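These notes concern the structure reproduced below.
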Amino acid sequence: MTSPFVKRLLSELDTTVDPEAKAILSAELGCYWARVGEFTESERIRQELRRNFGDARSVRVSILIMVMEALQLYYKDLSPTARDRMLRASLLSKGFHEKGLIGRTSAWLAHMELNRARFDSMIVELKSSLVSMTPGDDSTECRVALVLGDACLIAGLAAQSQLWYDQARRAANRLGDHAAVGAMTYNRAALRVARCRYEKITESRPTADTSLLRLDVESAINYQSVARLRSLEHLLTTTKVGLLLIQDDWAAATPYIELLLASSEVPPESAQRSLLMSDYALVLAKTGDVERAETQLLSALAGLPNSLPSDDYCLILASLRDAAAHCSREDQRLDLDCRLRAAVSEHERITTSLRPKLLEFELPVVDRSRSQPARND
């Protein structure tokens, strides 16, 4: 199913004769292909634009090429260099006072900072995006609302999160942007599953019904299939694993984890891989394969990155602690339990600080941008 957003871009490309305007439309298309995982086509467009506009004759085209390159790096490998590339695009936008592109690049930087759990930097970029966002810019509005929806879920603000997701969906629907809708359905499902797992660790009252979580995950998977979004596949499978662990369906989770760990799509030294390795130790222990579970437990511990988002770290330590308990490694269980309590305390400190900062953002701040006609950057 071809996105209406793509159809519109292709139609405008067919009728546009101005070289710069045509290049801007091509860059927009390349950015979309990067977001949905069509990296070959995105790279073809990038090379063509570099060939024809590599002399920096158009600042706007140069900036959009950088945005495209950042998105390629981000969606293909979750590369840390993606942020550096987006930051260069943002600085160039500010240097040439390109308001619309300042808003867009700041929104993407906020997205990347969120995924690095750098929440103070995320807040700064969100404010920069809102100040610079041109009226009617659905793309930037959608990205800002999506980041706020995600951040609110991480902070335990479920009701506020849903309001922002609704805002993001409206903007994405106006654009006909299937990639944005797919990202929203995935993020909501993944973060709600993660939140439910975290609440089981802290023994707090669950905020999500398991049957509704299953519907969220299935809806995200189905939408990805219908809209042909390739970039989210391994992430959705990881979310499905989390749901199966919530349901204590250890045997069903095992083949999915094995498939993901064997896949080159899961980045090395990432929170995703560390969580899968820890969950694998747990499911092996739960299904009685204690010898392999012990080996996997030690491997997961040895491979822990130096820095992890606090919520991911809590889930990782919980799986490792429970695996150690089922393998009768009592000293290790006690150590991991102590580390887990400290990680939970740190995550609560972070989210307690984050919540009031998120509540400063109000939906009407974004809604006012609808008062004037759209401008395409």
Side-chain angles (χ1 to χ4, degrees), residues 34-40 42 70-83 111-112 114-117 150 154 179 182-183 185-195 197-198 216-218 220-221 223-225 228-246 249-285 289 292-293 295-320 323:
R35 286 191 288 134
V36 300
E38 295 288 349
F39 300 116
T40 300
S42 179
L71 296 178
Q72 287 175 327
L73 290 164
Y74 187 76
Y75 281 96
K76 190 172 184 179
D77 301 311
L78 290 178
S79 171
T81 59
R83 178 190 174 276
H111 176 102
M112 293 174 180
L114 169 74
N115 287 333
R116 298 168 71 209
D150 293 347
I154 291 170
T185 56
Y186 158 70
N187 288 10
R188 183 175 183 273
L191 290 172
R192 290 187 76 213
V193 166
R195 184 70 192 180
R197 292 186 67 181
Y198 178 78
D216 274 351
V217 174
E218 290 174 353
I221 292 171
Y223 188 87
Q224 177 194 249
S225 176
R228 292 185 293 184
L229 308 177
R230 298 168 53 194
S231 60
L232 299 174
E233 187 172 352
H234 64 97
L235 297 169
L236 279 166
T237 305
T238 301
T239 299
K240 187 168 185 175
V241 167
L243 177 63
L244 290 169
L245 297 189
I246 289 170
D249 198 344
W250 319 109
T254 303
Y256 289 113
I257 297 175
E258 291 173 342
L259 182 67
L260 287 164
L261 288 176
S263 169
S264 60
E265 292 183 328
V266 179
E269 298 183 8
S270 64
Q272 182 188 6
R273 182 167 289 275
S274 289
L275 180 58
L276 287 166
M277 291 177 69
S278 303
D279 288 344
Y280 193 35
L282 178 59
V283 299
L284 288 172
D289 196 343
R292 287 179 65 205
T295 301
Q296 183 61 32
L297 171 63
L298 296 174
S299 178
L301 281 168
L304 278 179
N306 292 327
S307 178
L308 286 166
S310 58
D311 51 348
D312 290 323
Y313 191 44
C314 290
L315 302 188
I316 289 165
L317 289 175
S319 284
L320 292 174

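As the structure is a computational prediction, the values presented were derived from the model and not from experiment.
Aromatic ring pairs are classed by plane angle as parallel below 30°, tilted from 30° to 60° and perpendicular above 60°; the pair Tyr75 and His111 is tilted.
When the shell of 6.0 Å around OH of Tyr256 is examined, it contains 12 or fewer heavy atoms from other residues, nucleotides or ligands.
Taking every heavy atom of both residues into account, Ala323 and Ala285 meet most closely at O-CB, 4.1 Å. What you find for Arg292 and Glu258 is that their closest heavy atoms are NH2-OE2, 3.9 Å. Taking all atoms of both residues into account, the shortest heavy-atom contact from Thr185 to Gly182 is OG1-O, 2.9 Å. Between Leu320 and Ala300 the shortest heavy-atom distance is CD2-CB, 3.7 Å. Of all non-hydrogen atoms in Val193 and Ile246, the two that sit nearest each other are O-CD1, 3.6 Å. The two atoms that bring Pro267 and Asp77 nearest to each other are CG-O, 3.8 Å, heavy atoms only.
Atom-to-atom distance recorded for Ser270:OG and Asn115:CG is 12.0 Å, nearest 0.5 angstrom. Remark: Ser278 OG to Leu315 CG distance equals 9.5 Å, nearest 0.5 Å. Atom CG of Leu297 and atom OG of Ser319 lie 10.5 Å apart (nearest 0.5 Å). A distance of 9.5 Å separates OG in Ser264 from NE2 in His234, rounded to the nearest 0.5 Å. Ile257 contributes atom CD1, which lies 11.5 Å from atom OG1 of Thr237 (distance to the nearest 0.5 angstrom). Separation of atoms CG (Leu260) and CG (Leu275) is listed at 10.5 Å; rounding is to 0.5 Å.
Taking the side chain as every heavy atom from C-beta outward, Gln272 and Leu276 approach each other to under 4.5 Å. Tyr186 has its side chain out of reach of Ile221: every pair of non-hydrogen atoms, C-beta onward, lies at least 4.5 Å apart.
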Take Leu261 and Val266, measure what side-chain contact (heavy atoms from CB on, under 4.5 Å) needs, and give me the verdict at the end. CA-CA 7 Å; Leu261 288 176; Val266 179; 5.9 Å; no
Take Gln224 and Leu235, measure what side-chain contact (heavy atoms from CB on, under 4.5 Å) needs, and give me the verdict at the end. CA-CA 11 Å; Gln224 177 194 249; Leu235 297 169; over 6 Å; no
Start with the C-alpha gap between Leu236 and Val217, add the side-chain angles, then the distance that decides, and say whether side-chain contact (heavy atoms from CB on, under 4.5 Å) holds. CA-CA 8 Å; Leu236 279 166; Val217 174; 5.6 Å; no
Glu269 and Arg273: side-chain contact (heavy atoms from CB on, under 4.5 Å), yes or no, with the steps? CA-CA 7 Å; Glu269 298 183 8; Arg273 182 167 289 275; over 6 Å; no
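The backbone N or O of Glu38 lies less than 3.5 Å from no partner atom in the side chain of Ser42, so there is not a single donor-acceptor pair.
The side chain to side chain contact (heavy atoms under 4.5 Å, CB included) test with Trp250 singles out one residue from Val283, Asp279, Leu244, Leu284, and that residue is Val283.
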